[in-house]
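For reference, the structure is listed below as structure tokens.
The figures here come from the full heavy-atom set of this structure, side chains too, leaving out hydrogens, waters and symmetry mates.
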Amino acid sequence: MNAFRFRRAAVAVTAAAVLPLALTACGGEDTSTDAAAGESASPAPAGNDSGTADDAVPVNGPFGPACASVPAEGAGSFDGMAQDPVATAASNNPALSTLVTAVKKAGLVDTLNTAENITVFAPTNDAFAKIPQADLDKVLADKDMLTDILTYHVVGEKLTPEQLEDGTYETLQKSTLSTVGSGEAYTVNDSSEVVCGNVPTANATVYIVDTVLMPKS
């Protein structure tokens, strides 16, 4: 009988010793599980971002192959042009000298310089050179025709590159022009390529183009 009681007492002591250890082990497993869950729920470090958002960043400054020929400093530089109204700014860019001559002949210098928040599609000298000399001379000698053509290159609002992706805009000449493109490649009226775009002046945004635009009849 005493031996039986001794064995029962030994079993009880053993159980009492093992139970806290078992509970402790279970508690440790729960803690590690919670920790693992917490780690899996933690946000990925910012440095691991795929960078796809950067791909959607809009163009904020001048772009295009012809921009490389713009002086780095002085009145004809991007910083210099940003300080002057658009006709004055264009006069400081040697690649726009034919356009400036045409603007002066049409008497549009003050009109362009005093306008607010406009967009000018400015043809380069090479763009004017695509027109046969006899035809160009005829246009330059006809103030009404010249004014009609030049004001067709002006839109009465500042256009961002994003707005050029697929747009139709009324010009100061009162007919419309259309634009298509994306990134740094845009076309006006399906024929004139933007070669240096998003150039700021004091009162306008300039898109330099490689072909003279003709008003729609």
Next item on the list: Check the pair Asp210, Ser192 against side-chain contact (heavy atoms from CB on, under 4.5 Å), reporting the backbone distance first and the verdict last.
Entry: CA-CA 6 Å; Asp210 68 355; Ser192 188; 3.8 Å; yes

Can you tell me how far apart [atom1] ([X]) and [atom2] ([Y]) are? Round to the nearest 0.5 Å.
| X | Y | atom1 | atom2 | answer |
| --- | --- | --- | --- | --- |
| Gln133 | Lys138 | CD | NZ | 14.5 Å |
| Thr114 | Asn203 | OG1 | CG | 8.0 Å |
| Glu162 | Asn198 | CD | CG | 8.0 Å |
| Glu157 | Thr205 | CD | OG1 | 10.5 Å |
| Asp126 | Ile208 | CG | CD1 | 11.5 Å |
| Thr171 | His153 | OG1 | NE2 | 10.0 Å |

Are any side-chain N or O atoms of [X] and backbone N or O atoms of [Y], one a donor and one an acceptor, separated by less than 3.5 Å?
| X | Y | answer |
| --- | --- | --- |
| Thr187 | Ser191 | no |
| Thr98 | Phe128 | no |
| Thr201 | Ala204 | yes |
| Tyr207 | Leu159 | yes |

Margin query: Test of understanding: with side-chain contact (heavy atoms from CB on, under 4.5 Å), list the residues that count as partners of Asp148, not counting sequence neighbours.
Written below: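 Listed in chain order: Gln173, Pro215.
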
Note to self: Within a 6.0 Å radius of atom NZ on Lys130, are there more than 12 heavy atoms belonging to other residues, nucleotides or ligands?
What the structure shows: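 More than 12 heavy atoms, drawn from other residues, nucleotides or ligands, come within 6.0 Å of this atom.
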
Does one side chain, of [X] or [Y], offer a donor that lies under 3.5 Å from an acceptor on the other?
| X | Y | answer |
| --- | --- | --- |
| Asn113 | Thr88 | yes |
| Ser97 | Asn125 | yes |
| Asp79 | Gln83 | no |
| Tyr152 | Asn189 | yes |
| Glu165 | Ser182 | no |

Cut-off 3.5 Å, no hydrogens considered: what does the side-chain donor-acceptor table look like for residues 63-77, sequence neighbours left out?
residue, atom, partner, partner atom, Å
Ser69, OG, Ala66, O, 2.8
Ser77, OG, Gly74, O, 2.6
Ser77, OG, Gly80, N, 3.1

Margin query: Could you go through Ile149 and Val212, starting from their C-alpha distance and side-chain angles, then the distance that decides it, and tell me whether this counts as side-chain contact (heavy atoms from CB on, under 4.5 Å)?
Written below: CA-CA 9 Å; Ile149 292 173; Val212 176; 4.1 Å; yes

Notebook entry, point to check: Checking side-chain contact (heavy atoms from CB on, under 4.5 Å) for the pair Thr176/Lys216: CA distance, chi angles, key distance, verdict?
Noted result: CA-CA 7 Å; Thr176 61; Lys216 298 177 181 179; 4.0 Å; yes

Check: Run the side-chain contact (heavy atoms from CB on, under 4.5 Å) check on Leu177 and Leu213 step by step: do they pass?
Finding: CA-CA 9 Å; Leu177 57 75; Leu213 305 172; 4.2 Å; yes

